[in-house]
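We number each residue from 1, following the sequence as shown.
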Amino acid sequence: QVQLVESGGGLVQPGGSLRLTCTASGIDANIYDMAWYYQAPGKQRELVADITTGGYTNYVDSVKGRFTISRDIAKNAVYLQMNSLTPEDTAVYYCNANRQNWGTFLEYWGQGTQVTVSS
């Protein structure tokens, strides 16, 4: 059974930092492209950042310079370091694993972790 389990969310003041962790089980996350998405109330789920198996990273413009995605091969995990948080970053953050496998697109999602930025 494949599971992606997120942790590290919570309540933080504007300007603060959080580090989200996504731990994978049931798959070798190191052969998957990994990503973080967020979904604010009343809005669609959107890509925040992703990291390929080769270590290439991509970020949505609104988080460039503030967020960093990374992966730990040994721990089968991916992280999202979030700095200089603003109320606009408030959302549920989801971990995603995806890869093409002989023409079949494989994709898995975590259950999400709430991030609230408020004073």
Report yes if some heavy atom in the side chain of [X] is under 4.5 Å from a heavy atom in the side chain of [Y]; otherwise report no.
X: Ser17; Y: Val12; result: no
X: Gln114; Y: Thr90; result: yes
X: Tyr38; Y: Val115; result: no
X: Thr53; Y: Asp33; result: yes
X: Thr86; Y: Arg66; result: yes
X: Leu47; Y: Asn58; result: yes
X: Asn76; Y: Thr23; result: no
X: Val78; Y: Cys95; result: yes

Would you say [X] has more than 12 foreign heavy atoms packed within less than 6.0 Å of its [atom1]?
X: Ile73; atom1: CD1; value: no
X: Gln100; atom1: CD; value: yes
X: Phe105; atom1: CZ; value: yes

Aromatic ring pairing Phe67/Tyr93, orientation class (parallel under 30°, perpendicular over 60°, tilted between): tilted
Matching residue for Val63 among Val48, Thr68, Leu85 - test: side chain to side chain contact (heavy atoms under 4.5 Å, CB included): Val48
